[in-house]
There are 2 protein chains.
Amino acid sequence: MSRGSLPQFDPGDRPAGERLPEATVSRLPVYLRVLAGMAERGVVTVSSDQLAAGAGVNSAKLRKDLSHLGSYGIRGVGYDVDYLIYQVSRALGLTQDWPVVIVGAGNLGRALANYGGFVTRGFRIAALLDSDPAIVGSRIGRVAVRHSDELEDLIVRHKVAIGVIATPGGAAQAVCDRLVAAGVTSILNFAPVVLNVAEGVDVRKVDLSIELQILAFHAQRRSAERNGPPSEDELRTVSEGAGLPSVPGGASRLSTAAAVPSAAEA
Amino acid sequence: MSRGSLPQFDPGDRPAGERLPEATVSRLPVYLRVLAGMAERGVVTVSSDQLAAGAGVNSAKLRKDLSHLGSYGIRGVGYDVDYLIYQVSRALGLTQDWPVVIVGAGNLGRALANYGGFVTRGFRIAALLDSDPAIVGSRIGRVAVRHSDELEDLIVRHKVAIGVIATPGGAAQAVCDRLVAAGVTSILNFAPVVLNVAEGVDVRKVDLSIELQILAFHAQRRSAERNGPPSEDELRTVSEGAGLPSVPGGASRLSTAAAVPSAAEA
DNA sequence: ACGCCTTTGTGAACCAATGCACAAAGTCGT
DNA sequence: ACGACTTTGTGCATTGGTTCACAAAGGCGT
């Protein structure tokens, strides 16, 4: 237990310099959600085993994650639910609330704005923007759709630090550039493009098709396993209905492979 | 270059036993998307540097990722775009197409069904389900909304292997159970709950509030850094407007901490 | 035909994350 | 008041992932 000199009343705090491992950060919100559910059901104390089960992780991992925040458990008992909620919230920066701007009020933007229950957990929709005059002015839940011309102004006035991009792919990079220029340094991107940003800007992406493709990979692997391990070289019979494209540069020329099925295009 | 005995014509294939690292799998879809964009713009050949830049990763990582699929580059030149698209697609299992069922036709389900461009890349919406009679029968894009009673039937008839859960949190676990019981082994969950599934079922989650919380953490860290490194113990002045809850079990009793601000609840 | 130049593929060193297993801490029943 | 029992927090070994840096491969110009 390597703790520096610390004041009496908060026995658990880590020295301020401590950096949370990225993997831990990405799990804390999950713990927080499970804890919130427990608090709602009146649970007062929880052991690492119970919480880990609820979050779907190994209990040793959970304890190590929490130990990075400080020493907030009680041996032989577990963790106080409310107190742990507070500590995790604090570690994540949720004790202040964050004004968020959502750009794009199409299907997805609307869905996000309506999340309500989610978005209000430490976050507040400062603005919902769109460029289509036909929907500017309408209301989605509690927020009015404003024109994207106001983007810079709204960001500055509401001190927005987090932007959500819910536009079509084509518009995403331009929107991103404007967000960054206006001072936003955290961006959550739902558009299916890789955003290019300057150093120091934090981008996370949420992408349906990527997730589906990862699932497809595992599904394929599982089904391949079931049908017996593909004995050394029946590889090219896996996909019917698509001629095997010729190998470029095999012994002949490059870019002969134009007639590829290209499963990845629209 | 450790390759076993292999037929002449496909010089790059890896021995069939090769397992792709998970991290690689999660990046392949990104490469695929960038490649598709290049193909569309008529690019024929791409170097690892260019592709890596487009995908926002280090080029060494990109090369190592691709090398797990096989040896499909040409030294001194790069990779043939179409051929690489084909190989990546094949590795991901996208040379067959995957019928997908989406459960929940609320805002989010509708947004997903309308993705069109995305979903059609190797995937096909076999069914869009909802339990609300008011919207059953309506059309979202090309697909009709059907009643969730038909779930089991549709899954079996269309050989659906991938399910997408876009219901409110409360319904998610029940839907998940039904999907699994009907034979679905890959699930993409948009509902804000941790799903409990049997061994062998693959669940991925997409969660707005988790992503936002991770962004908030980094935003907080950055801003804390700018305002000077918090000198050893000004920790408890970080959050105004929220009284520091008492420490449970400090020297007094457990669960005194009931009046916590609880930034994580509705 | 030959050598220069580009770019791949990978060995090896590093770093991050996981999981085991156990000592230390602290509760609770008697 | 004490000892048995529970549960935390963490040292350590291991696994997985990233990055560097370079030899081998192969095209291209002359």
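Hydrogens, waters and symmetry mates play no part in the numbers below; they use all other heavy atoms, side chains included. Chain letters run A, B, ... following the sequence lines, proteins first and then strands; every chain starts at 1.
Taking atom NZ of B:Lys61 as the reference point, atom P of D:dA21 lies 17 Å away to the nearest angstrom. A straight line from OH of B:Tyr83 to P of C:dT8 spans 16 Å, rounded to a whole angstrom. With rounding to whole Å, A:His68 atom NE2 is found 9 Å from D:dT10 atom P. Rounded to an integer number of Å, the gap from B:Leu66 CG to C:dG9 P is 8 Å. In this structure, A:Asp49 places its CG atom 7 Å from P of D:dT8, rounding to the nearest Å. At whole-Å resolution of the value, CD in B:Gln50 and C1' in C:dT6 are 12 Å apart. Residue A:Leu69 contributes atom CG, which lies 13 Å from atom C1' of D:dG9 at whole-angstrom precision. Rounded to a whole Å, the CG atom of B:Asp80 is 15 Å from the C1' atom of D:dG27.
The nearest pair of heavy atoms linking A:Thr95 to A:Arg90 is CG2-CA, 3.8 Å. In this structure, B:Leu32 and B:Ser89 approach most closely via the heavy-atom pair CD1-OG, 3.7 Å.
Under 4.0 angstrom from either OP1 or OP2 of C:dC20 there lies at least one side-chain N or O belonging to A:Asn58. In this model, the phosphate group of C:dT18 is approached by a side-chain N or O of A:Arg27 to a distance below 4.0 Å at OP1 or OP2. Distances shorter than 4.0 Å separate some side-chain N or O of B:Tyr79 from OP1 or OP2 on C:dG9. Phosphate contact (OP1/OP2 of D:dT7, side-chain N/O of A:Ser47, threshold under 4.0 Å): absent. Dashed line: the shortest gap from a side-chain N or O of B:Ser71 to OP1 or OP2 of C:dG9 is under 4.0 Å.
Here the rule is side chain to side chain contact (heavy atoms under 4.5 Å, CB included) with B:Cys176, and of B:Val184, B:Ile187, B:Val201 only B:Ile187 fits it. With B:Tyr72 as the partner, the ring-ring contact (aromatic ring centres under 6.0 Å, His included) test is satisfied by one option alone out of B:Tyr83, B:Tyr86, B:Tyr79: B:Tyr83.
If you check distances only, the side chain of A:Lys64 does reach the base of C:dG19 with a donor-acceptor pair under 3.5 Å. For B:Arg75 against C:dT8, a side-chain-to-base donor-acceptor contact under 3.5 Å is present.
Comparing C:dT8, D:dT10, C:dC20 by their closest approach to the side chain of B:Ser48 singles out C:dT8. Closest to the side chain of A:Ser67, from the set C:dA21, D:dG27, D:dG9, is D:dG9.
At least one donor-acceptor pair under 3.5 Å links the side chain of B:Arg222 to the backbone N or O of A:Thr185.
Residues A:Glu22 and A:Arg63 both approach DNA chain C. Their nearest nucleotides, taken by heavy-atom distance, put A:Glu22 toward the 5′ side.
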